Amino acid sequence: GQNIDQPTEMTATEGAIVQINCTYQTSGFNGLFWYQQHAGEAPTFLSYNVLDGLEEKGRFSSFLSRSKGYSYLLLKELQMKDSASYLCAVRASLNDYKLSFGAGTTVTVRA
Amino acid sequence: NAGVTQTPKFRILKIGQSMTLQCAQDMNHNYMYWYRQDPGMGLKLIYYSVGAGITDKGEVPNGYNVSRSTTEDFPLRLELAAPSQTSVYFCASSEERSSYEQYFGPGTRLTVT
């Protein structure tokens, strides 16, 4: 099976930076995804990494190290609307388009 | 372009009843998925489909059935509902095998009592 771990909860102050870590042990690897899910809503796509390194998209960045089975999502200049659950998901192989999801990290942004 | 739509939004079932959760997408995506999400848990794949007429089991298929007669529609059938099936159900679709983004519907919140 696939094992994807991320912290359950994190709290940060408005304007600050938060880093959400994700470690994975999977049968193979062909990409890591981050989704944002506000309470009571559907997940929405944030980022995708398939090669090592940092991908930056506005206030959000995502990093991948395939050798360490590790990724993080960095949220900068936190806003109240960033309070949500952040899901890490792994695609195990090129021929396997299914995603395996972690349990999600709930981020609470406080004023 | 409505994306992925799901009906109903909410439903309460009695134990032993059956129902069908509807899912449709208008993006001409070949790949479609059904997930369930329990409180504090990630998404668990129930069934998926790579195109009309082709379906396969995911991680947690027991108690569910699916069909895919058209590209657009991917209904999920619950037979003999049990309290363990109380969950939020999400349908999703993606474009091609190499696509990295899954588009999710708004979800159906199901309670079995």
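These numbers come from the heavy atoms of this one structure, side chains and all, not from hydrogens, waters or symmetry mates. By convention in this document, chain letters (A, B, ...) are assigned in the order of the sequence lines, proteins followed by strands, and residues within each chain are numbered from 1. All values reported here derive from a predicted model rather than from experimental measurement.
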| message | Can you give me the closest heavy-atom contact between B:Gly105 and A:Ala42, atom names plus distance? | response | O-CB, 3.0 Å

| Cluster link A:Leu51 to A:Val90, ILVMFWY, side chain under 4.5 Å | no

| Can you tell if the side chain of B:Tyr35 reaches within under 4.5 Å of the side chain of A:Phe101, non-hydrogen atoms only? | yes

| field | More than 12 heavy atoms from other groups under 6.0 Å of CD1 on B:Ile15 | value | yes

| query | For B:Gln6, is it the side chain, the backbone, both or neither that has a heavy atom under 4.5 Å from a heavy atom of chain A? | reply | neither

| Is there a side-chain contact between B:Glu95 and A:Tyr97, using heavy atoms and a 4.5 Å cut-off? | no

| Do A:Phe45 and B:Tyr31 belong together in a cluster built from hydrophobic side chains that touch within less than 4.5 Å? | yes

| A:Ile20 and A:Leu87: same hydrophobic cluster, using ILVMFWY side-chain contacts below 4.5 Å? | no

| task | Starting at CG of A:Leu99, measure out to OH of B:Tyr33 and round the result to the nearest 0.5 Å. | result | 6.5 Å

| query | Is B:Leu21 reachable from B:Phe74 through a run of I, L, V, M, F, W or Y residues, each pair having side-chain heavy atoms under 4.5 Å apart? | reply | yes

| said: Do A:Leu64 and A:Tyr86 sit in one hydrophobic cluster, given that two such residues count as connected whenever their side-chain heavy atoms are within less than 4.5 Å of each other, even indirectly? | reply: yes

| Which answer fits B:Leu45, side chain, backbone, both or neither, if we ask what part of it has an atom under 4.5 Å from a heavy atom of chain A? | side chain

| task | Please name the pair of heavy atoms, one in A:Glu41 and one in B:Phe90, separated by the smallest distance, quoted to 0.1 Å. | result | O-CZ, 3.6 Å

| Measuring heavy-atom distances to chain B, does A:Gln6 have an atom under 4.5 Å in its side chain, in its backbone, in both, or in neither? | neither

| query | Is the count of non-hydrogen atoms from other residues, nucleotides or ligands lying under 6.0 Å from B:Arg77 atom CZ greater than 12? | reply | yes

| Heavy atoms of other groups near B:Met41 CE, more than 12 under 6.0 Å | no

| task | Could you tell me whether the side chain of A:Tyr35 and the main chain of B:Gln102 form a donor-acceptor pair under 3.5 Å? | result | yes

| Approximate separation, where rounding is to 0.5 Å, of A:Ser85 OG and B:Gln37 CD | 7.0 Å

| query | Do B:Tyr48 and A:Lys98 pass the side-chain contact (heavy atoms from CB on, under 4.5 Å) test, and can you show the C-alpha distance, the side-chain angles, and the key distance before you say yes or no? | reply | CA-CA 8 Å; B:Tyr48 62 97; A:Lys98 304 188 297 292; 3.2 Å; yes

| request: Would you mind telling me which of A:Pro43, A:Gly104, A:Gly102 has the largest number of heavy-atom pairs within less than 4.5 Å of chain B? | output: A:Pro43

